[in-house]
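Each ligand, and each atom within it, is numbered from 1 in the order the structure gives.
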Amino acid sequence: MQSRKLSSTPTVTGQCLCGAVQFAMEYPAFWAWHDHSRASRLAHGAVYATYVGTWRKRFRITAGESEINRFEEKETGAVRSFCRRCGTPLVYERTRSPHMINIPRALFQSRTGRQPIYHIAIDEMQDWAYAGEPLVPLKGYPGVFWKRSKKKSRMQEIRL
Ligand SMILES: [Zn+2]
C-alpha cells in the first residue's frame, strides 16, 4: 500500500558523488534559487550554491540514510547534511522555514520543474564569480577557456 502513493506521483531522483546516498523528490519542486551567502559558499566550497526547495513531506531518502551526517550552524540553527563517505552536501534545512528543505540542484539527474531565477544574499556575491562573460580558448591548453583581462579588451575597443 505504501508504494501506491509513490507510484502515482511523478518523482525526480538524485544522489551524492559516491552514490551511497540516493533520494527522490516529488515533481515539481516548489522553487529554485542561488545562494550567495558566506555559509553556503563555505559548505559547498564553491562561489555560490544553487538549491531546489521543496516541502519536507515531498522528499525522501531512498538509500544510504546511515551514511548521512548532519552539521548545525551555531549562529543560525540551520542544519546541513552531507554524505560522510564523499562529502557531498545533501540537504540544507533553514530554521525560518521548517516545513521546507533545500537540496543542491546539481545532485538531480533530471529537471526539477523550477528554474533557479531567485538569488539570496546577492550582496555577498563574490567578484570572482563567473557571470557569463564571453570566453575564448586559451592557446596551448585544449579545453581551457578564459576571459580576456579588462585591460586588454579596453585596448581592443580602442583599436576598434
Ligand atoms: Zn556519497
Do the ring planes of Phe108 and Phe23 sit parallel (below 30°), tilted (30 to 60°) or perpendicular (above 60°)?
perpendicular
Taking the six-membered ring for Trp, are His34 and His36 parallel (under 30°), tilted (30 to 60°) or perpendicular (over 60°)?
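Plane angle between 30° and 60°, so tilted.
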Output the distance between atom OG (Ser37) and atom CD1 (Ile120), rounded to the nearest 0.5 Å.
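Between Ser37 OG and Ile120 CD1, I get 8.0 Å after rounding to 0.5 Å.
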Which atoms of the protein, restricted to N, O or S, are nearer than 2.8 Å to the Zn ion (ligand 1)?
Cys16 SG, Cys18 SG, Cys83 SG, Cys86 SG
Thr76 backbone acceptor or donor facing Thr95 side chain under 3.5 Å
yes
Under 6.0 Å between ring centres: does that hold for Tyr92 and His44?
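Judged by ring-centre distance (under 6.0 Å), Tyr92 and His44 do not meet the cut-off.
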Please report the closest heavy-atom contact between Arg70 and Glu93, naming both atoms and the distance.
NH1-OE2, 3.1 Å
